[in-house]
K.L.:
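The structure that follows is given in the form of structure tokens.
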Amino acid sequence: MSPAVTPGAIPGPPAEPMAAGREKDEWPLWEVFVRSKAGLDHKHCGSLHAADPQMAIQLARDVYTRRQEGTSVWVVRSDQITASDPGEKAAYFDPMEDKVYRHPTFYVLPKSLDHM
Amino acid sequence: MPSTSSSIAVSSDPAVQYLLRIGDTCLIHAQRLGEWCGHAPIVEEDIALTNMALDLIGQARAVLTRAGTLEAALGGEPHDEDQLAFLRDERDFRNCTIAELPRGDFASTTVRNLALAVFFELLWERLAESTDEELAAIAGKAVKESRYHREHAADWVVRLGDGTVESAARMRAALDLLWPYVAEIFEADAIDEAAAAGGLGPRWADLQAPWRERIGAVLAAAGLAMPAERAFRSTGKTGRHSEHLGYVLAEMQFLQRAYPGGVW
């Protein structure tokens, strides 16, 4: 009996990996953004695994909007996001600490615009 | 909540029976979907399936409530949704047999979800024009839920049918297993005729052609063939069920039968 082709055998993983360097049995990760109501921004609310964009949108709907949290959902593959380096945090963000003049708080505004 | 554990008898009025077919199919289908809680292939799908089960329970509650008030309006004893769900015996359930079959593997769950979601989407679309205003209002809300259930199931059918050798084989096996139970949904009888004549709702037989068209499009996209129709007819709609419903009811009704009137 040849072990190579057995009728009814469970086939192995697909020949092509889903993405280079990624575990073959793991669906890609997606970041989920939900808009809570018209006019507001889409806000990041979490992530999930899904095989394709359509599945990611559906699962995001089921996982993140089941208590009426949303009116619109965006998903983006996590590996498509480029993030700043946490190690560079000090160089990137600390210098802004003492630049109060960058806040437009030195203008005298008319009373009617008080809440600008 | 029911205050006794004795079984109730339900009106044989055709309109009540028509509503029970809808409510019971939703209820038993939901019961089976709920079995995936904690067992779905991934946690996101686990949540999706149980969300759908809860949608179906909501539909069942509304329709059974309507059936119970209709019984009273016809001069019978009024029953609430809980009595109808928990105190009827197996023979008094009117769900289509396909809803009560064991959940099987994920492929059979997916095929059943598609078959029933497309059917309910078509049914609710028509019931939205029911002469029964309450039923029309329930349908207006439920059709949106069914539309999503259909979309979710259809995507899975395409994904698995057009997936690997293994997933396609399982989908074909699931279709062969469930298809004989599809025909019952569209079997015409006097209860359907009465509902159509009174404007309560469509003959389910009239939904068969659009159902086949919509299912056929999904199966074609999935690379799956629609199985041929056979002579076998299941009979859940008339109360003669498969051996599986009794076990579903035993689990579902146990608490109310053992502790009548028990509440959270």
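In what follows, every chain begins at residue 1, and chains take the letters A, B, ... in the order their sequences are listed.
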K.L.:
How about CH2 on Trp74(A), more than 12 heavy atoms from neighbouring residues, nucleotides or ligands closer than 6.0 Å, or not?
P.N.:
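No, not enclosed.
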K.L.:
Identify the heavy atoms of Glu44(B) and His49(A) that sit nearest to each other, and give their distance.
P.N.:
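Taking Glu44(B) first and His49(A) second, the nearest heavy atoms are OE2-N, 3.2 Å.
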K.L.:
Step by step, would you call Met55(A) with Asp155(B) a side chain to side chain contact (heavy atoms under 4.5 Å, CB included)?
P.N.:
CA-CA 8 Å; Met55(A) 190 199 281; Asp155(B) 281 6; over 6 Å; no
K.L.:
When you compare the side chains of Gln54(A) and Glu151(B), does any donor N or O come within less than 3.5 Å of an acceptor on the partner?
P.N.:
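Present: a donor and an acceptor within the cut-off.
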K.L.:
Around atom CZ of Arg212(B), are there more than 12 heavy atoms of other residues, nucleotides or ligands at under 6.0 Å?
P.N.:
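No.
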K.L.:
Taking atom CG of Leu59(A) and atom CD1 of Ile47(B), what is their separation to the nearest 0.5 Å?
P.N.:
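Result: 9.0 Å between the selected atoms.
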K.L.:
Using atom types as modelled and distance alone, determine if a side-chain donor or acceptor of Asn51(B) lies under 3.5 Å from a backbone N or O of Asp62(A).
P.N.:
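At least one qualifying donor-acceptor pair exists.
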K.L.:
In this structure, are over 12 heavy atoms from other groups packed under 6.0 Å from Arg66(B) atom CZ?
P.N.:
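Yes.
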K.L.:
Counting heavy atoms not belonging to Lys37(A), are there more than 12 under 6.0 Å from its NZ?
P.N.:
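It does not: Lys37(A) NZ has 12 such atoms or fewer within range.
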